[in-house]
Amino acid sequence: MTPVLVESGCVAALLAAAAIAIALGRFRAGSPVLYAATLAISLVAGGQAFLVLLAGGAVSDLLLPLGLPGVGARLRLDALSAFFLVVINLAGAAASLYALGYGRHEAAPSRVLPFFPAFLAGMNLVTLAADAFTFLLAWEFMSLSSWALVTAHHGDDRNIRAGYVYLLMASAGTLCLLLAFGLLGGGGLSFDAIRAGQPGGVVLVAAIILALIGTGSKAGLVPLHVWLPLAHPAAPSHVSALLSGAMTKVAVYGFIRIVFDLIHAPASWTAMVVVAAGGITAAIGMLYALMQSDLKRLLAYSTVENIGIIFAGLGLALAFQANGMDWAAALALTAALFHAFNHAVFKSLLFFGVGAVLTATGERSMDRLGGLIHRMPATAVFVLIGCAAIAALPPLNGFVSEWLTFQAILVSPQLPQWGLKFLIPAVGALLAFSAALTATCFVKAFGVTFLGRPRTPAAETANETDGFSLAAMGILSALCFIAGILPGLVIDLLAPVTQSLVGRSMPVQHALPWLSLVPVAERSSSYNGIILLAFLILAGALTAMVIHRVATRATRRVPMWDGGYPQTLPATQYAGSSFVQPIRRVFGSSVFILRETVDMPRPGDVRAGTFRIKMIDPAWRFAYGPIGRLVRIGAARLNRLQFLTIRAYLTLVFGALIVLLVMVAAWR
Amino acid sequence: MAMTSSMLAWWPDLLAQLVQMLLVLVIAPLVLGITRKVKARALRRIGAPVLQPYRDLWKLMHKEAVLAHNASWLYRVAPYFVFAAIWVAAALVPTYATGLLFSWSADLIAIVALLASARFALALAGMDVGTAFGGIGSSREMLIASLAEPAMLLVVFTVALVAGTTQLSAVAIHMVEEPVGLRVSLALALFAFVVIALAENARIPIDNPATHLELTMVHEAMVLEYSGRHLAMIEAAAALKLVLYFSLLICLFGPFGMATGAQTFKALALGLGVYLAKILVLAVALPVGETTIAKMRVFRYPVFLGGAFAAGALAVFLLFVSKSF
C-alpha cells in the first residue's frame, strides 16, 4: 500500500465514523467509542505521515474517479503534506484522547460527535488534495464542519453570533481562494497543470493577493482575525484546540502550497507584504490577548500572534528565495514550520487546560477563578509548561522557533532591496515586542487563574480533571520539552520539506556533537537546550541541597503578611484587568479604542460603585463596521427589485443578457 | 571552538568555565556592597561595610522560612529556579576569558531569554499568595519587562549585526581583534543598554532598591512575602543579575584585556585583573549616577524605556542600511 492510499483510507474511515456517529450520539457509550476510533485513525494517519517524512518525503500519488468529470480527484502525499499531516493528526489524536474524558460532560453529544471526525477528515483531505477542485471542496468541507462545531452550543446568543461571523469569514475566504485558483488554473485544475502554466503580470499579482486573503482569513491575519476570538470560545474545548492548533495550520499549509509550490516565482514585493502582515499581526494579536479576561478569548488572540510569527518567517523565506539566498530561505522556512508545529502542541495543551478548568468550575473568566494550583495540581503543572513554552522561554520549544526566526532576521541585511531593508528591522522590533508581551500575558493568565486565592466558591471547590484529559496534556507537555531540548531532530525532519520548496535544507543537525543546534555556522550562533536544562537543574538542585544541608530547612506556616495589613477578601487580589492596567494605559490611546467609565457614588450614597472597560477591536470599527453598513444600505436599495412587475423583470433579464454579450465581444 | 575540540583539549576550558561560575557567585555580594557603600558616602552617610551583603545572606539562610498558609510549591521552587537561571546566564557571559567550555550552548538571545525565564517565575511567585502587594509588584515588573525586553533584543541585534554573530565569545573576540572603531550604532546601543540595565536591575530612576515604602517599590513589592533562605536566594540572584549586566556591558562594549587568544596563564591572569578593575569602576559609577537623579513615576517608564527602544531600533536600522554605521 502506498502512503497516500493509507492516508486516503484514514480520511474515508473518518468520514465513515462521522456517518456512524449520527447514530452513536443517542447512546451513552457513543462518545467514548467514537473518540477512541478517531484517536486510532489519527494515530495511523499521523504515524504514516511521520514515516514518510522520516524516509525523506517520497512522493506518492492517487487518482480517484470522483469529483469533476474528466478530472477526477487527485491526491498526492509529498514532504509538505506529510509534515502538515503530522501536525494535524498529532493535534487530532491529542484532542481525541482528551475528549475521551472531556466528552462525557457534553450536554448534547449528537451535536458534536458527527462533526468532529468530519472536521478531521476535511483537514486531512486539504493537505492531500492535488487539484484545485478537491482542494476547495475539502477546504469548504472543513469550514462547514467546523462551523457546525462552533455553533454546537447554540443556546447562547453569543455562540450564534460567533457562528454567523465565522461562516461569513470562511465563505469570503473560500471565495478568494476560488478566484485565486481561477486565475492560476488557466491550463487545467490539477496542481501539476497550475505549476506548468504560470500566468504573469497583473493576473499573478491578483492571484497572490487573493491567496493571501483566502488563507489569511482562515489563519487569522490582522485584520481578518475577527472570527477567532468569537469562534474559539464558542466551541467545546477540544474543538477549540483543533480550531486553533490544527485548522490555522491548514491555512498556513494552503498559503505555503500556493505561494511556495504552485507559484514558484517569488517576488520581493510578495515578501514585503507577507513580512509586514506577519509583524503587524503578531504585535496587534498579542496586545489584544493581553487585555482579555476570558481565557479562551485570550488564547484565540494569542493564536493570532503566533500566526503572525509564522507568516513573518514565511515572508522572510520568500524574500531570501527571491534573491537566491537558498540557505537563508531554508532557515526562515524551517523557523516558520517549526513554529507551526510548536504552536499546534502548546496551544492545544493550553486549550485542554482551559477546558479542564471550565469543566471543574464552569468558569472561563479568570477574574472569577484563582488558587486552582491547590485544587487541580496536575493540570496546573501542565498549563504552566504550556504557558512557559508559548512565552518562548528556554529550554522549551517555543524559544527555539523564535530564536530561529531572529537568526533569519539577522542575516537579512544581505538582501539588496531597500524596501526589505527598511521593513525587516521594523518587523524584527515588532516580533521582539510581541515576544516580551507574551510573557506578560501568560504570567497574567496563569497567575490569576491558578495562583492566589479562589475568588468564587466554584474555584474553591474545583476538582482535578479526569485521567484521559491529564494524559493528553501530559503528552503534549512532554513534547514541549522534547522539541525544546532536541530541536535538531525536528529540524532534520523538516529537511525534506524545505528541500522540496526552496531547493535547500538547513545543515544536518543530529550529527553535531552534544546534539547542539547550529543554524548557519558555528561562529555565528548555536544553542543547546539539553546543556542549558542540565545546567539549570544542576545549579538549582545543588543550591537547594547545600542550603538544606549547611544552613536550615525549617519552615513555618503562618497567615500571609502583606506588609502587615493583610486583606482577607479575595477581591483585594490583583485580577486580570488590574494586572494589565499599566499596559492598557500605556497603549490605550494609540492601539486600543478604549473607554474606561468609573461610576463612583458620592459619600453617603450606598449604591455600589462600578468600573467598566470597553474596548473595540479597530478591525470592527474601521473595516467591518463600514462594510456592514454598506451592505445594509445596498440591500435596502436593492430591496425594491423584489417588487417589480413581470414586464420589468423581463426587461432586466434582457438588458443583462445584452450587457454580457457586449462584454464578451469586447473581451475577445 | 570548544564544541568541536577533542576530548583532551577540554580541561582548560572546563576549568575556565568552573572558575567563571564561582567567580561571579563570589563577587556578586561584594559588588552590591560596594555600590551601597559608595551610595551611602555620596549621601554623606557612613554606610554598612562592603561585606555586609555576605553577612545578610548568611543570616537569611539560617533563618527558618516563613510561608503563608496558601503558598504553593511554585512559591517554594521559584527562588531556586530564579537563582539557578541567573547564575547559569551569568556563567555563560565571558568575563575574563572567551574560552569557556559551554559558552556556545547559549548565545546572547538565549541569555536574554534565560533572564526572561527567571522573571517569569518570580512574577508568578509574587502572585502566588494572593496579596495586593505581590500583584502590584508582578504587574509593574512585567510592564517594565514588556518595555525593556524588546529594547534589549534590539541591542542584541545591533551587536550581532556589527560582529556578525550572536555568540558572546565570538562578539568579544570580534570587538577586541577587529578594528571596530567608534560607531554610531554601538553608541546608540550602549545608551539603550544602560537604560535597560537600570530598569532590569530595579535601580533609580525606575525603581528604588533602598525604599521601605511598599507603594513605591516594584521588585521589592513582588518579593515582599519572602523570608529566610528563599529571600536569600532572591537577594543573591539580584546581586548576580547586577554582575551579569556589568559583565555584559564589559563583554559587548569594552572587552579589551579579555583573554581572547591562547589561554595562557599570563593572559588569563591579566584578563581577570582587568575584568575586576572594570567591575569596580562600574560599581562606583552606578551609585554616583543614581544619586544625581530622582525616581520616576510609574507612567513615565514608557517614555524612558521607549527612548531605549527607539535608540535600539535606530541602531538596527542604520546597520541594515550600511554595515559601516
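Letters go in sequence order (proteins before strands), and every chain restarts at 1. Bear in mind the structure is a predicted one, so any value in this text is a computation, not a measurement.
Proximity to chain A (any heavy atom under 4.5 Å) is shown, for B/L108, by neither the backbone nor the side chain. Heavy-atom distances place no part of A/V411 under 4.5 Å from chain B, backbone and side chain included. Within the 4.5 angstrom heavy-atom criterion, only side-chain atoms of B/R76, from C-beta onward, approach chain A. Proximity to chain B involves both the backbone and the side chain of A/S525, based on heavy atoms less than 4.5 angstrom apart. Heavy-atom distances place both the backbone and the side chain of B/L114 under 4.5 Å from chain A.
For B/E64, the salt bridge (charged side-chain N to carboxylate O under 4.0 Å, His left out) partners two or more places apart in sequence, or in a different chain, are A/R556. Legend: residues meeting side-chain contact (heavy atoms from CB on, under 4.5 Å) with A/A389, ordered by chain and number and at least two apart, are A/F346, A/L396, A/N397, A/C480. For the side-chain contact (heavy atoms from CB on, under 4.5 Å) test, residues two or more places apart in sequence or in another chain that qualify with A/A544 are B/Y80.
Here B/G135 is the residue among B/A91, B/A116, B/G135 with the most heavy-atom pairs under 4.5 Å with chain A. Among A/I373, A/V381, A/L420, A/I530, the residue with the largest count of heavy-atom pairs under 4.5 Å with chain B is A/I373. Interface check for chain A: of the options B/L153, B/L143, B/L124, the most heavy-atom pairs under 4.5 Å are formed by B/L124.
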Evaluate the ring pair (Phe, Tyr, Trp, His ring centres under 6.0 Å) criterion for residues B/F120 and A/F399: first the C-alpha distance (whole Å), next the side-chain angles of each, then the deciding distance (0.1 Å), finally the verdict.
-> CA-CA 14 Å; B/F120 190 83; A/F399 172 71; over 10 Å; no
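Between the side chains of A/S516 and A/S526, no donor-acceptor pair of N or O atoms lies under 3.5 Å.
Annotation: residues 424-431 of chain A contacts chain B through A/I424, A/P425, A/A426, A/G428, A/A429 [non-hydrogen atoms, separation under 4.5 Å].
Not less than 6.0 angstrom separates the ring centroid of A/F442 from the ring centroid of A/F446.
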